[in-house]
There are 2 protein chains.
Amino acid sequence: MGDASPAAAATSAAAAEAVTSAASAPRPFQELLLGRIRDVADFPQPGVTFKDITPLLADPATFSALVDAFVAHAHRPEVGPVDKVVGIEARGFILAAPVAYRLGAGFVPVRKKGKLPGATLEQAYLLEYGDATVEVVTDAFSDGDRVLVVDDVLATGGTVEATIELVHRAGAEVAGVAVLMELSFLGGRERLAPVVDRLHALLTV
Amino acid sequence: MGDASPAAAATSAAAAEAVTSAASAPRPFQELLLGRIRDVADFPQPGVTFKDITPLLADPATFSALVDAFVAHAHRPEVGPVDKVVGIEARGFILAAPVAYRLGAGFVPVRKKGKLPGATLEQAYLLEYGDATVEVVTDAFSDGDRVLVVDDVLATGGTVEATIELVHRAGAEVAGVAVLMELSFLGGRERLAPVVDRLHALLTV
């Protein structure tokens, strides 16, 4: 997801509580992931608690299990074939690229404006304060490509919504959106409901 | 490599000529890669020709072959065991993360200053004009970890040199550096020679 998004943000005592008090206790896989995600207070700005996934990425067994979980999701019959996996700059690249590799799919980067060379499609979207623009190269997709969008955190859903718009404008089809962690209190799922049939979160807080 | 680096740059007629006229003709794998790398004129600034790898990433067979080639290199006896793979923001993430996954290693992001949460080590380095700083989280490595650095383009070597400094300061050991493409006319190999025993480029232009 976009690094500058205030929604790269999360949560705090309230969200942590929501996890531990969930009616269905976290299963072992979720516990494995949660045990390697670190809360960092006041990042990227005062009052925000950031969900830091660097300990998860650095641990071979957890990183491997995470990629495998995305792949298992992508193999479910309702997702259907996947031709391309989209990663959203910059942390999204880290999860989406191994998933593309394991699926035998192509990898397509969606980046902040000005980072991609050559002819691009661009899509502006609103942030909590101000706006931002993401881009994709114009020939990244073939007509009818089925595209899985993989990202780390689903917050307000603005970046993912803009990414889906780019996929559609390029003539491709969204097979689904899969994220490591959904911050459900920010309403991203509701925002994406009109444009995404399949939104899968490995963790929901 | 750093997006802002003027050396994200390349080349031109002269370099292209160097490839096609090399004493040993490109082998099929190199031809596969070169056929999917696109020259974009005047990006990121006038007079510079950029090597665009997005067509390579988007093609499943080529992306897969590229990751496999990095993995085959990492498995060579002289590289030895690899505990962590470092990716350098942002394009480096796309290549380094699948290599980490395939090696069963952890993934460690090296990012531009201010992007990583929590306690970090930082390392400044000189660019052609001005300077830049890269960071890594302080606990990304365990003492004695053997680290493979994977990146897309080796240009002047400044970002990789700073990355190696971070690895050493964190108490880890550099198993090697592997890049998709070395721009040999920019002298990165010579710059890194004092600090890297094993520098492997899949393509050299």
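Lettering of chains follows the sequences in order, A, B, ..., and the numbering in each one begins at 1.
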Exercise. Mind checking whether A/F107 and B/L95 have side chains closer than 4.5 Å, heavy atoms only?
Worked result: no

For this session: Determine, stepwise, if the pair B/Y101 / A/D68 fulfils side chain to side chain contact (heavy atoms under 4.5 Å, CB included).
Result: CA-CA 10 Å; B/Y101 173 81; A/D68 290 345; 2.4 Å; yes

Exercise. B/L103, B/T54, B/D42: which one forms the most heavy-atom pairs within less than 4.5 Å of chain A?
Worked result: B/T54

Exercise. Side chain to side chain contact (heavy atoms under 4.5 Å, CB included) between B/V108 and A/L57: does it pass, once the steps are laid out?
Worked result: CA-CA 7 Å; B/V108 176; A/L57 302 173; over 6 Å; no

Problem set entry | Minimum heavy-atom distance A/G104-B/P60, with the two atoms named | O-CB, 3.3 Å

Exercise. Which atoms form the tightest heavy-atom contact between B/F63 and A/A105, and what is the distance?
Worked result: CD2-O, 3.9 Å

Problem set entry | Which atoms of A/L66 approach chain B - backbone, side chain, both or neither, heavy atom under 4.5 Å | neither

Seminar exercise, completed: Between B/I94 and A/A97, the two heavy atoms sitting closest are O-CB, 3.3 Å

Problem set entry | Between A/A140, A/A58, A/S142, A/P55, the one whose heavy-atom pairs under 4.5 Å with chain B are most numerous | A/A58

Exercise. Less than 4.0 Å between a side-chain N and a carboxylate O, is that true for B/K84 and A/D59?
Worked result: no

Problem set entry | Over all atoms of both residues, closest heavy-atom pair of B/A90 and A/F93 | O-CD1, 3.4 Å

For this session: Would you mind checking which part of B/P109 comes under 4.5 Å of any heavy atom in chain A, side chain (CB onward), backbone (N, CA, C, O), both or neither?
Result: side chain

Problem set entry | Student check: side-chain heavy atoms of A/R102 and B/R102 closer than 4.5 Å | no

For this session: Under 4.5 Å heavy-atom distance to chain B, tell me which part of A/D139 shows up: side chain, backbone, both or neither.
Result: side chain

Problem set entry | Side-chain touch A/E89/B/R91, heavy atoms, less than 4.5 angstrom | no

